[in-house]
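Read through the structure below, which is laid out as structure tokens, and then see the notes.
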Amino acid sequence: MSANLKYLSLGILVFQTTSLVLTMRYSRTLKEEGPRYLSSTAVVVAELLKIMACILLVYKESKCSLRALNRVLHDEILNKPMETLKLAIPSGIYTLQNNLLYVALSNLDAATYQVTYQLKILTTALFSVSMLSKKLGVYQWLSLVILMTGVAFVQWPSDSQLDSKELSAGSQFVGLMAVLTACFSSGFAGVYFEKILKETKQSVWIRNIQLGFFGSIFGLMGVYIYDGELVSKNGFFQGYNRLTWIVVVLQSLTLSPGWSAVARSRLTATSHSLVQGILLPQPLSSWNYRWEPLGPAYTVYIFKDCSNRYKNCKK
């Protein structure tokens, strides 16, 4: 992968994930008349959009032939049920993770969420070592230690936070637990998905269609169990507006592990999203949600990211 393509991929990931965090946070805290949109239905719609996008990519790879597209989908999905079933496990975990992210952003500010969510780098590294027998160098382990230190500093309460601790401690704890659970689920599902990709010759877009299929099923089950009464009362698309659809579209792009895997294949796994996690959400979230400005803990991340990025550019 050329250097220009690496930076293009990085830029797209920065814009995509940062936009998702900010818009999702804003949509979950915006006060409007009428019912708020259901996060469970948003996850299902995002999965369906992901399936449609991946089908279009397979269609393009099939030289824009509907007959070839139908043959590929039939041969790679319907005729290989066991291969398709392998994706049920990571798909269920991704569905859980995406619902948890809505919970987290409903209870944490965008910058704290984004920095804490970088612990998925640590969980991914640990699962990669245990499941894929990967070996990490001294600098990589050192980066993970700095990562944990930075996250710990971010969670340390400031003076202004201590004043409202009793009022917000419950919601912050819920948000923190949601992020930590999402970090572990993201690490395991990502490594599991990578292992499946390495063991088979199926297209990454076919794999994403399979993921989306199971994700839609699990998502609909979640809608029925947790929000069935609200859906029957106000409809599946209750509270949807233009902002909601922007969130759903951005999430459908983020939901594609295949895109992320391709885009980050030559980027460092420990730094690709740290600049977007600190430099972008924090100033904007401070303006939108009146959170405190950049602090020392975030500076640790910026320094760590720059050092990692410099080492990568030399490779």
query: P35 and Q238: which non-hydrogen atoms are nearest, and at how many Å?
result: CB-OE1, 3.5 Å
- line: Rounded to the nearest 0.5 angstrom, the NZ-CD distance for K80 and Q210 is 9.0 Å
Inter-residue atom distance I55.CD1 - I51.CD1, 0.5 Å rounding: 6.5 Å
Chi angles and distances behind the side chain to side chain contact (heavy atoms under 4.5 Å, CB included) call for Y94, N99: CA-CA 9 Å; Y94 277 127; N99 280 281; over 6 Å; no
task: Quick one: closest heavy-atom pair of I93 and A189, and the distance?
output: CG2-CB, 3.9 Å
task: Measure the CG-SG distance between L49 and C54 for me, rounded to the nearest 0.5 Å.
output: 11.0 Å
query: Are there more than 12 heavy atoms of other residues, nucleotides or ligands under 6.0 Å from atom CZ of F236?
result: yes
- request: Specify the closest pair of heavy atoms between T124 and V191, including all atoms of both residues, with the distance to one decimal.
  value: O-CG2, 3.6 Å
Gap separating the CG atom of L243 from the CG atom of L30, nearest 0.5 angstrom: 7.0 Å
field: E76/R207 salt bridge by N-O under 4.0 Å criterion
entry: no
query: Should E229 and K233 count as an ion pair when the cut-off is N to O under 4.0 Å?
result: no
query: Looking only at heavy atoms, what is the nearest atom pair of A42 and Q251, with distance?
result: O-OE1, 4.0 Å
Heavy-atom check, side chain of E83 versus side chain of K86, under 4.5 Å: yes
Side chain to side chain contact (heavy atoms under 4.5 Å, CB included) evaluation trace for W245 with V45: CA-CA 9 Å; W245 282 108; V45 176; 3.7 Å; yes
task: Would you indicate whether Y59, at its atom OH, is surrounded by more than 12 heavy atoms from other residues, nucleotides or ligands within a distance under 6.0 Å?
output: yes
message: Before you tell me yes or no, could you show the steps for I77 and I209 under side chain to side chain contact (heavy atoms under 4.5 Å, CB included), namely the whole-Å CA-CA distance, both residues' side-chain angles and the distance that decides it to 0.1 Å?
response: CA-CA 9 Å; I77 298 178; I209 293 173; 3.8 Å; yes
Residue pair Y240 / T41, side-chain heavy-atom distance below 4.5 Å: yes
task: Could you tell me which non-hydrogen atom of Y37 sits nearest to which non-hydrogen atom of M24, and how far apart they are?
output: OH-O, 4.5 Å
field: More than 12 heavy atoms of other groups within 6.0 Å of M52 CE
entry: no
task: Please examine the side chains of L69 and S65, heavy atoms only from C-beta on, and report whether any two atoms are closer than 4.5 Å.
output: no
Heavy-atom side-chain proximity of I206 to L73 below 4.5 angstrom: yes
Which pairs of donor and acceptor atoms, one on a side chain in residues 214-226, lie under 3.5 Å apart (sequence neighbours left out)?
from, atom 1, to, atom 2, distance (Å)
S216, OG, G212, O, 2.8

- prompt: With a 4.5 Å heavy-atom cut-off, do Y102 and V247 have their side chains touching?
  reply: yes
query: Are the side chains of L211 and P90 in touch, meaning some heavy atoms are under 4.5 Å apart?
result: yes
- prompt: Does the pair L101 and Y117 meet the rule for a side chain to side chain contact (heavy atoms under 4.5 Å, CB included), with working shown?
  reply: CA-CA 9 Å; L101 296 186; Y117 192 42; 4.0 Å; yes
- prompt: Taking all atoms of both residues into account, what is the closest heavy-atom pair of Q140 and L136, and its distance?
  reply: OE1-CA, 3.1 Å
